[in-house]
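The structure is given below, and queries will be raised subsequently.
Start at 1 with the first residue, then count along the sequence.
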Amino acid sequence: MRKFTVKIPWRLNARLRITIILLLIITFLSYQFIFISDIFDYSLWFDPSLKISYYLGSDVYLKNVTRLPKIQYDFDIPETLNEKLIREYRRDSIKKGFLHAWSGYTKYAWGKDELEPVTNDSRDNFNGWGATIVDSLDTIWIMDLKDEFNRSRDFVETVDFTTSDDRVSVFETTIRYLGGLLSAYELSNDPVFLKKALDLGNALLPSFNSGSGLPYNDWDLKWNYEDDFDKPWGLGSLAQVGTLQLEFMKLAQLTGDSEFFYKVNNITDILDSLTKPFPGLYPLQLDHETGEFVGHDISFGGNGDSFYEYLIKQYIFVGGAIDQFRRMYIESIDGMHKYLIRRGMIEDRPDLLFIGELSYGSFVGKLQHLTCFVPGMLAIGSKVLDRPKDLEVAIKLAEACYFAYEMTYTGIGPEDLWFMSSNDSYNESEKKLLKQKSENADLPIGVLRLSDSYILRPETIESLFILYRVTGDKKYQDKGWKIWQAIEKWCKTPSAYSGLYNINSKDAVQNNNMESFFLAETLKYLYLLFSPPDLISLDTYVFNTEAHPLLRMARTF
């Protein structure tokens with residue numbers, strides 16, 4: 001019987017062997033992927049918004065990025081049906097308020113920086129680039145207003161962020177425009193926002209070319225193309241030069257250009273190296289050319305506030321990789337505790353702590369509305385740095401900020417108030433006169449006077465939001481709701497919302513002013529206060545000082 005054998009040509013035999021080996025490798029890797037995917041979340045690899053980059057541009061790699069301690073409270077107890085209904089009703093009310101303001105803006109001021117909500121006129125006071133639109137982008141996204149977002153996106157695509165008829169404020173342009181564009185990009189992944197952010201960042205870079213490297217307050221973008229120009233005159237404020245880091249670091253991370261990081265890191269190094277009159281506390285004014293302090297006033301309010309805020313937020317953003325931020329923050333907060341926080345002498349509220357100011361080394365009992373971001377800052381820092389006493393102080397300071405609302409006729413807080421401090425020495429005659437002064441001004445005993453304007457500021461609401469997310473205590477939702485009801489009652493106009501001139505009067509007058517931060521900050525913080533706590537979690541995002549959420553390098557999921 002004849003036997004048949006099949007011989008495979010040697011070339012085909014080699015190909016078959018290679019194919020078998022490749023199939024075995026693919027099968028092995030597939031098994032490993034399926035097995036390991038139970039341990040690691042591979043969705044991070046495929047969702048661009050969740051990719052974690054430890055680079056600040058192509059030249060700077062941060063080796064020590066870690067997941068910092070959790071900030072948010074563990075909301076593990078489900079809310080009851082009634083609690084959910086109340087929360088969602090309140091959130092819907094705030095969303096309707098936003099839509100009311102947005103509708104008025106789009107009808108009467110579309111493309112302009114701001115609406116004047118009483119006369120329905122418009123104004124261009126922030127470069128003429130549509131500040132309200134850019135500042136509101138992430139609020140619109142968070143509220144899931146798709147049509148409004150798409151229309152705003154199309155507008156942004158038409159804006160030239162490299163030219164303006166007027167000088168631009170480097171600080172305001174950075175926090176409102178650059179922060180708004182970067183946040184919109186990270187939320188939506190639409191490249192038009194990153195392109196515009198890069199255009200704007202490059203346009204602002206020449207403003208850092210002072211003698212010291214501290215950016216000028218105001219900059220004419222035409223000077224970018226001129227070899228010779230008159231240097232801007234004036235002093236820089238601590239907040240103006242020290243509140244650019246988050247935005248420019250994020251821009252470096254997203255674009256790969258480390259120059260943005262180097263510019264703002266130089267500012268931090270300069271401020272860190274200067275001699276402070278009190279440990280950790282920085283005078284409010286600096287000379288752009290020398291980089292030295294000028295003046296003696298110290299405050300966590302206007303001209304100082306967001307510098308301190310950014311120290312802890314920069315540390316959180318880089319996942320603790322740059323320890324300089326942590327050290328500078330702790331030094332400042334320890335200085336604040338020692339020199340600026342005093343117990344008040346409010347007759348009916350002896351428990352209240354206030355944060356004041358220093359002028360030429362002397363304490364001034366002045367609480368600014370701007371300072372009321374401090375409770376939120378302390379609450380975040382207390383969790384990240386394991387400083388529980390800071391949270392205790394934050395809760396008490398927030399009570400004082402909310403008291404400033406509660407004490408007025410309208411239920412809306414003043415721009416600032418002056419308070420008596422328990423550390424101050426008064427004889428009986430002086431106490432009697434001060435008491436009469438409070439009574440004559442229709443103020444609580446212990447409050448001496450107030451600046452009774454309100455420009456729709458967000459700081460107290462910001463701290464209530466953060467304290468709710470940190471503690472889980474629903475009393476902060478109730479306080480926020482009362483403030484919103486007061487805003488609805490006194491600030492609402494037929495087209496939008498307006499600030500007030502005299503908050504402590506039954507005849508309060510609207511001031512025809514609706515800053516873009518009302519939509520960017522005040523309404524966003526209120527909306528998030530009544531949203532599920534995983535919406536823009538503090539363990540995933542860090543907010544810039546205009547409430548634009550930016551993804552942290554290392555997040556706590």
(message) Just checking Tyr468 against Phe75, ring centres under 6.0 Å apart?
(response) yes
(request) Answer yes or no: is there an ion pair linking Arg457 with Glu415, defined by an N-O contact shorter than 4.0 Å? (result)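 Judged by the 4.0 Å cut-off on N to carboxylate O distance, Arg457 and Glu415 do form a salt bridge.
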(message) Less than 6.0 angstrom separating the ring centers of Tyr329 and Tyr315, yes or no?
(response) no
(message) Does this structure show an ion pair linking Lys96 with Glu488, if we count only N-O contacts that are shorter than 4.0 Å?
(response)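 Result for this pair is no, no salt bridge flagged.
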(message) For Pro458, is there any backbone N or O sitting under 3.5 Å from a side-chain donor or acceptor partner on His369?
(response) no
(request) For residues Leu519 and Thr139, determine if any side-chain heavy atom of one lies less than 4.5 Å from a side-chain heavy atom of the other. (result) no
(request) Measure from the ring center of Tyr527 to the ring center of Phe98 and say whether it is less than 6.0 Å. (result)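 So the answer is no for these two rings.
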(request) Could you tell me how the ring of Tyr525 sits relative to the ring of Phe543: parallel (under 30°), tilted (30 to 60°) or perpendicular (over 60°)? (result) tilted
(message) Using modelled atom types and a 3.5 Å cut-off, is there a donor and acceptor pairing between side-chain atoms of Lys250 and backbone atoms of Leu551?
(response) yes
(request) Check for a donor-acceptor pair, side chain of Asn217 on one end and backbone N or O of Leu235 on the other, with a separation under 3.5 Å. (result) yes
(message) With a 4.5 Å cut-off on side-chain heavy atoms, are Leu181 and Phe161 touching?
(response)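 Phe161 vs Leu181: side chains touch.
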(message) Can a donor-acceptor pair be found, under 3.5 Å and without considering hydrogens, that links the side chain of Lys196 to the backbone of Glu157?
(response) yes
(message) Is the shortest side-chain heavy-atom distance between Met249 and Val318 below 4.5 Å?
(response) yes
(message) Quick one, Thr162 and Leu221 - any side-chain contact, counting heavy atoms below 4.5 Å?
(response) no
(message) Can you confirm whether or not the ring centre of Tyr497 sits under 6.0 Å from the ring centre of Trp484?
(response)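 They qualify: ring centres under 6.0 Å apart.
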(request) Without swapping roles, check the side chain of Arg469 against the backbone of Pro533 for a donor-acceptor pair under 3.5 Å. (result) yes
(message) Assess the residue pair Tyr177 and His548 against the criterion (ring pair (Phe, Tyr, Trp, His ring centres under 6.0 Å)); give the C-alpha distance rounded to whole Å, side-chain angles, the decisive distance to 0.1 Å, and a yes or no.
(response) CA-CA 10 Å; Tyr177 285 107; His548 297 306; 9.8 Å; no
(message) Between Lys112 and Asp124, does any NZ, NE, NH1 or NH2 come within less than 4.0 Å of an OD or OE carboxylate oxygen?
(response) yes
(request) For the pair Thr243 (side chain) and Gln240 (backbone), establish whether a donor and an acceptor sit closer than 3.5 Å, ignoring hydrogens and angles. (result) no
(request) Test Ser498 against every option in Asn513, Asn511, Thr119 by the side-chain hydrogen bond (donor to acceptor under 3.5 Å, both in side chains) rule and name the one that passes. (result)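 The side-chain hydrogen bond (donor to acceptor under 3.5 Å, both in side chains) with Ser498 is passed solely by Asn511 among Asn513, Asn511, Thr119.
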(request) Check for a donor-acceptor pair, side chain of His288 on one end and backbone N or O of Ser212 on the other, with a separation under 3.5 Å. (result) no
(message) Donor-acceptor check, side chain of Thr106 to backbone of Ser103, threshold 3.5 angstrom: yes or no?
(response)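 Yes; at least one donor-acceptor contact below 3.5 Å.
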(request) Report yes if the side chains of Phe373 and Thr545 come closer than 4.5 Å at any heavy-atom pair, otherwise no. (result)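 The answer is no; the side chains never approach within 4.5 Å.
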(message) Does this structure show an ion pair linking Lys482 with Asp478, if we count only N-O contacts that are shorter than 4.0 Å?
(response)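 The answer is no: the pair does not qualify as a salt bridge.
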(request) Identify which one of Phe248, Tyr216, Phe260 satisfies the ring-ring contact (aromatic ring centres under 6.0 Å, His included) criterion when paired with Phe208. (result) Phe248
(message) Salt bridge or not between Asp92 and Lys95? Use side-chain N to carboxylate O under 4.0 Å.
(response)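 Result for this pair is no, no salt bridge flagged.
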(message) Between Phe149 and Phe193, is the ring centroid distance below 6.0 Å?
(response) yes
(message) side chain to side chain donor-acceptor pair (under 3.5 Å) for Asn127 and Glu172? Distances and angles first, verdict last.
(response) CA-CA 10 Å; Asn127 317 343; Glu172 297 288 357; over 6 Å; no
